[in-house]
Amino acid sequence: MHIFDQLSFHQWEYFASYYLASQGYTVLEPPSVGPDQGKDLIAQLDDVTYLVSCKHFSRAQRPVYAGDECSVLDRLIQHGAQKFIGFYSTSGSVSLSESLEAVSYTHLRAHETAANL
C-alpha cells in the first residue's frame with residue numbers, strides 16, 4: 001500500500017496546498033468544500049498565477065486521462081490564471097499529455113513531491 005492511498009480526495013487537495021506553499025508558492029485560493037468551478041486551488045509564484053487541478057487515483061491505480069481534465073484553457077481564462085499545474089497521485093496518460101500540449105502546464109506526481117519534502 002502506498003502512503004498516499006490513505007488520503008481522501010479532500011486531504012489530497014490540502015496536501016497539494018501545503019506542498020506548493022513549501023516550494024515557495026503563495027496559495028491564493030485554498031481547497032473548498034462543494035462545487036469548485038473547475039479549480040481545486042489557485043497558487044502564485046513570481047507573479048504567475050496557476051490553476052491547480054488535483055487528481056487522486058492512487059487507490060484505483062489508474063492514470064489521469066484527458067477526459068479527467070476537461071476544458072483546461074477555458075478554466076484558465078475563467079479563473080484568471082496563466083499556467084496549469086496538474087497535481088496527481090498517479091501518472092498522466094499519453095492522451096492527457098497530448099491534450100495539454102497547447103497549455104503551459106506543470107505535472108507533479110506524488111512520488112516526486114514526497115522526495116522533495
Side-chain angles (χ1 to χ4, degrees):
M1 174 183 278
H2 198 276
I3 188 169
F4 295 118
D5 293 350
Q6 299 173 31
L7 299 178
S8 70
F9 293 107
H10 198 62
Q11 289 170 325
W12 181 253
E13 292 174 353
Y14 275 99
F15 172 69
S17 178
Y18 296 136
Y19 175 77
L20 291 171
S22 77
Q23 297 302 301
Y25 289 80
T26 300
V27 176
L28 302 176
E29 293 184 36
S32 62
V33 176
D36 59 18
Q37 299 178 352
K39 61 147 178 65
D40 291 315
L41 44 117
I42 301 291
Q44 189 173 51
L45 180 68
D46 299 330
D47 297 323
V48 176
T49 302
Y50 294 83
L51 168 72
V52 182
S53 177
C54 302
K55 301 292 184 218
H56 184 39
F57 298 146
S58 66
R59 286 185 207 157
Q61 296 183 349
R62 76 167 184 86
V64 180
Y65 295 110
D68 297 318
E69 289 293 5
C70 299
S71 308
V72 172
L73 286 173
D74 292 337
R75 294 185 316 180
L76 285 168
I77 293 166
Q78 177 184 0
H79 298 291
Q82 292 83 39
K83 293 190 177 187
F84 174 82
I85 295 175
F87 195 91
Y88 306 143
S89 62
T90 59
S91 297
S93 68
V94 171
S95 66
L96 176 67
S97 295
E98 290 172 354
S99 72
L100 293 176
E101 284 180 2
V103 181
S104 182
Y105 74 98
T106 300
H107 177 217
L108 300 175
R109 293 190 313 190
H111 71 275
E112 293 167 352
T113 58
N116 291 321
L117 290 178

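Here the structure is a predicted model, which means the values were calculated and not measured.
In this structure, Trp12 CH2 and Tyr88 OH are separated by 11.5 Å, a value rounded to the nearest 0.5 Å. In this structure, CD in Gln11 is found 13.5 Å from OG in Ser17, a value given to the nearest 0.5 Å. The distance from atom NZ of Lys55 to atom OH of Tyr65, rounded to the nearest 0.5 Å, is 14.5 Å. In this structure, the separation between SG on Cys54 and OH on Tyr19 is 13.0 Å, given to the nearest 0.5 Å. Taken to the nearest 0.5 Å, the CZ atom of Arg62 stands 12.5 Å off from the OG atom of Ser91. To the nearest 0.5 Å, atoms CD1 (Ile77) and CG (Leu51) are separated by 11.5 Å.
Note on Val64 and Leu73: same hydrophobic cluster, where clusters join Ile, Leu, Val, Met, Phe, Trp and Tyr whose side-chain heavy atoms are under 4.5 Å apart, directly or indirectly.
A tilted orientation is assigned to the rings of Tyr18 and Tyr14, their planes being inclined by 30° to 60°. Note: Tyr25 and Tyr50 have perpendicular aromatic rings, judged against thresholds of 30 and 60 degrees for the angle between ring planes.
Residues Glu69 and Ser53 bring a donor and an acceptor atom of their side chains to less than 3.5 Å of each other.
Distance alone, capped at 3.5 Å, places no donor-acceptor pair between the His79 side chain and the Ile42 backbone. Between the Gln82 side chain and the Thr49 main chain, a donor and an acceptor come within less than 3.5 Å of each other.
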Passes side chain to side chain contact (heavy atoms under 4.5 Å, CB included), Leu20 versus Gln23? Steps please.
-> CA-CA 5 Å; Leu20 291 171; Gln23 297 302 301; 5.6 Å; no

List the steps, then state whether side chain to side chain contact (heavy atoms under 4.5 Å, CB included) holds for Asp40 with Phe87.
-> CA-CA 10 Å; Asp40 291 315; Phe87 195 91; over 6 Å; no

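Using a 4.5 Å heavy-atom cutoff, the side chains of Leu45 and Thr26 are not in contact. Residues Ser58 and Thr90 have side chains in contact (heavy-atom distance under 4.5 Å, counting atoms from C-beta outward).
In terms of heavy atoms, Cys70 sits closest to Arg75 at O-NE, 3.5 Å. The nearest pair of heavy atoms linking Ser95 to Ser93 is OG-OG, 2.9 Å. The shortest non-hydrogen separation linking Ser8 to His56 is O-CD2, 3.8 Å. Residues Asp68 and Phe57 come closest through the heavy atom pair OD2-CE1, 3.6 Å.
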